[in-house]
Protein chains: 4
Amino acid sequence: MNARERSKIETRRRLMEAGIALFASRGISDTRSTALAEAAGVAVGTLYLHFKDKEGLARAILMEGLEALLAELGTVACDAALDVGEAVRRQTDIMIRFAQERPGLCRTLFDPEAVRWQISTEIMDRVVAIQERRFFDQAAAGLLDAAVSPRVAARAVVGMLLFSLNWWIIHPDEADAETLAATLNRLRLSGVYAR
Amino acid sequence: MNARERSKIETRRRLMEAGIALFASRGISDTRSTALAEAAGVAVGTLYLHFKDKEGLARAILMEGLEALLAELGTVACDAALDVGEAVRRQTDIMIRFAQERPGLCRTLFDPEAVRWQISTEIMDRVVAIQERRFFDQAAAGLLDAAVSPRVAARAVVGMLLFSLNWWIIHPDEADAETLAATLNRLRLSGVYAR
Amino acid sequence: MNARERSKIETRRRLMEAGIALFASRGISDTRSTALAEAAGVAVGTLYLHFKDKEGLARAILMEGLEALLAELGTVACDAALDVGEAVRRQTDIMIRFAQERPGLCRTLFDPEAVRWQISTEIMDRVVAIQERRFFDQAAAGLLDAAVSPRVAARAVVGMLLFSLNWWIIHPDEADAETLAATLNRLRLSGVYAR
Amino acid sequence: MNARERSKIETRRRLMEAGIALFASRGISDTRSTALAEAAGVAVGTLYLHFKDKEGLARAILMEGLEALLAELGTVACDAALDVGEAVRRQTDIMIRFAQERPGLCRTLFDPEAVRWQISTEIMDRVVAIQERRFFDQAAAGLLDAAVSPRVAARAVVGMLLFSLNWWIIHPDEADAETLAATLNRLRLSGVYAR
DNA sequence: GATGAATGAGGATTCATTCAT
DNA sequence: GATGAATGAATCCTCATTCAT
């Protein structure tokens with residue numbers, strides 16, 4: 001049944017879109033499974049046909065979002081020709097663009113609430129691990145300041161990015177994209193103080 | 001009756017300590033009101049005699065913790081003689097010491113879960129506002145880099161600190177206090193890269 | 001699914017019957033939601049699937065009962081050919097028969113406790129309003145004594161009927177239906193005293 | 001200790017006044033014992049020093065009110081010289097005056113909610129019993145219509161009076177005292193219809 | 001595959017009453 | 001006699017999940 005398969009995929013897609021929208025506006029735990037089904041235009045039972053449980057839907061959304069984000073970020077890592085400053089700038093640009101294009105997804109992806117859902121511990125750890133690996137490589141290449149711990153720095157940089165972006169998605173009018181990028185880059189590259 | 005009043009204060013204190021311990025280990029929403037009462041050695045009703053509801057206890061704990069932290073941080077702000085680098089280093093030291101001395105409190109205070117509890121929006125906003133004011137003053141004094149937005153930078157720095165400290169409290173063995181301090185300071189003062 | 005719909009309606013019916021029986025014997029506030037569910041042979045949650053809350057069930061029962069009673073009483077109002085005495089007698093007969101046929105429902109419907117449930121303010125007001133309208137019409141037709149206020153008389157007559165019937169349902173052996181009817185009619189039509 | 005005794009009586013009086021006011025405005029079950037104590041300016045424990053429990057306070061208030069009302073009504077019964085019409089008129093006047101002078105007390109005394117409190121079953125029964133005895137006497141004297149059951153008529157008359165007065169206390173502007181009295185008297189003495 | 005009525009364990013909160021001071 | 005902090009049984013309602021249709 002090709003039509004049936006298409007319909008199944010379509011149903012799953014609608015559930016995920018409903019999840020992205022509702023999780024973004026109410027948070028995961030405050031989103032009722034009936035509300036998800038209603039928003040997706042299906043019966044509650046259908047949710048459990050496509051996902052193990054509500055957290056399964058959240059996990060699918062977040063993982064898919066994470067993969068998409070990491071795929072984009074991966075393009076930077078591959079380009080060995082870039083110097084450190086350029087790589088940082090590219091990374092920031094990618095994250096800001098991602099936030100602009102998929103704000104609903106990002107609100108859930110960067111949402112600190114998700115910490116309690118064990119999913120995002122995985123997500124955080126993956127994101128941090130990537131940053132950590134990069135810092136380790138840079139340290140090996142002598143690019144990193146000697147006093148800096150790659151592990152700590154990775155946490156700090158990720159925290160800085162997620163916290164700032166999460167705020168910016170909710171309050172997009174508080175800063176324009178260029179200022180946001182410039183500030184985050186400057187902070188990472190040479191601190192905020194004039195020299 | 002003075003004895004009665006003392007006993008009431010003592011009961012409240014025990015409830016708050018039970019809250020600090022349980023909220024730290026299970027999070028606010030996963031801590032049952034009965035567990036709080038049991039841990040404090042009182043009946044459930046007593047919790048509601050001292051606080052409006054479970055969130056009221058959380059709010060009291062967080063607010064008291066916040067005040068304590070801000071009071072310590074305030075000593076830095078007052079010392080106008082400090083140069084920027086010294087002020088940053090002092091601030092970091094204070095936060096790390098606070099985290100070491102009151103790890104349970106900090107786990108709840110810096111815990112992103114609290115975001116969903118509306119309490120910590122207040123807390124975050126207060127912390128960010130303080131950092132923001134400091135940056136504005138420094139900008140006025142020409143200390144800040146021109147490209148940097150005080151508002152964005154305040155969010156970024158607070159996110160960096162809270163995210164890192166929250167991680168460090170949970171995994172204290174991943175880094176020693178000096179490395180943590182050195183990395184956070186270096187990042188804020190001149191970025192992580194060698195120059 | 002038609003079978004499913006039928007089952008849903010059947011479940012609702014059983015909840016309402018459980019409500020009629022339990023509310024009649026214990027009153028609304030002394031009837032536990034679990035008792036209602038148990039009596040209806042369903043889980044507690046099912047009660048809240050069909051009604052907003054316990055009061056919602058009570059409201060549904062009372063409103064349905066009221067509609068049934070008013071429908072029967074309406075037949076009298078329509079028969080314009082009846083003289084005053086005959087109309088009163090018919091009305092009394094209808095109410096007594098209704099009380100005999102659905103004693104459980106009437107215990108709740110006429111139960112003064114319901115006053116506190118805000119529901120029966122509506123019920124009382126509707127019943128009184130009907131009687132009031134009738135009295136106003138009769139006053140306009142010169143049938144009413146000049147000293148009589150239709151508004152007050154309506155309250156008095158309704159109070160007389162409800163209070164008497166509520167008592168009679170609980171103590172059916174204290175008077176037979178004919179005596180009850182005769183006394184209530186005589187009181188309304190020409191007072192209780194011989195002339 | 002004469003001063004102590006006086007103080008005790010005074011405390012009891014304040015509790016009863018608090019009860020009259022709060023029971024009238026919120027009903028018995030919706031009045032918290034702490035609210036009673038607060039309104040009386042004493043501690044909760046004091047309530048239980050003067051009354052067995054909350055219902056005990058309600059009982060005391062209602063019984064005292066009932067005795068006062070019956071005492072006034074008793075003056076009519078004693079005056080054997082009165083003819084039936086005059087006795088009815090006097091009784092109505094007394095009840096209306098009582099309602100005007102002590103509206104708070106009457107709201108609780110005539111409040112149908114009290115039915116569920118077992119207290120008012122006693123009260124109702126006493127009031128009805130008095131009316132019943134009067135009707136039996138009148139029946140023996142040949143004053144009552146032959147078709148009328150004294151027992152039923154007593155219920156009907158009491159229901160009529162209580163229901164009407166309870167309404168009038170809450171909505172005093174819907175009718176003036178004279179119209180109220182005239183209507184109630186006319187209904188009892190010769191029905192509401194013109195002849 | 002889709003449905004949606006039914007489930008029931010679970011948890012927050014209330015409030016009349018007590019009793020040590 | 002008065003106090004008021006402490007009690008804890010009692011009850012309402014929620015909502016993720018299931019499974020017969």
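To find a chain, count down the sequence lines: A is the first, B the second, and so on, and within it residues start at 1.
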Mind calculating the distance between NZ (C:K52) and C1' (F:dC15) to the nearest angstrom? 16 Å
Between D:S7 (side chain) and D:A3 (backbone), is there a donor-acceptor pair under 3.5 Å? no
For residues 43-51 of chain C, tabulate all N or O donor-acceptor pairs below 3.5 Å that involve a side-chain atom, not counting sequence neighbours.
unit_1	atom_1	unit_2	atom_2	d
C:T46	OG1	C:A43	O	3.3

Any side-chain N or O of A:S33 under 4.0 Å from OP1/OP2 of F:dA16? yes
Closest to the side chain of A:K54, out of F:dT17, F:dC12, E:dA16, is F:dT17
Check for a donor-acceptor pair, side chain of B:K54 on one end and backbone N or O of B:I28 on the other, with a separation under 3.5 Å. yes
Are any of the side-chain nitrogens in A:R6 or A:E10 under 4.0 Å away from the carboxylate oxygens of its partner? no
OP1 or OP2 of F:dC13 sitting under 4.0 Å from any side-chain N/O of C:Y48? yes
With a 4.5 Å limit on heavy-atom distance, are the side chains of A:L57 and A:F23 in contact? yes
For a stem of at least 3 consecutive Watson-Crick or G-U pairs with distances under 3.5 Å, i pairing with j, i+1 with j-1 and so on, which stems involve DNA chain F? E:2-21 with F:2-21
Rounded to the Å, how far apart are B:R26 CZ and E:dG10 P? 15 Å
Protein-to-nucleotide contact annotation, 5' to 3' order, nucleotides 3-9 of chain F [B base; S sugar-phosphate only; - none; under 4.0 Å, heavy atom]: BBBBBB-
Atom CG of B:L57 and atom P of E:dA12: how far apart are they, to the nearest Å? 12 Å
Taking OP1 and OP2 of E:dG10, is either one under 4.0 Å from a side-chain nitrogen or oxygen of B:R32? no
C:R6 CZ to F:dT21 C1', in whole Å, measures 12 Å
Set out, in order, the CA-CA distance, both residues' side-chain angles and the distance that settles salt bridge (Lys or Arg N to Asp or Glu O under 4.0 Å) for B:E17 and B:R12, then state yes or no. CA-CA 9 Å; B:E17 264 167 31; B:R12 187 188 154 96; over 6 Å; no
Does a side-chain heavy-atom distance below 4.5 Å link C:L69 with C:L105? no
Please check this pair: side chain of A:R26 against backbone of A:T31, looking for a donor-acceptor N/O pair closer than 3.5 Å. no
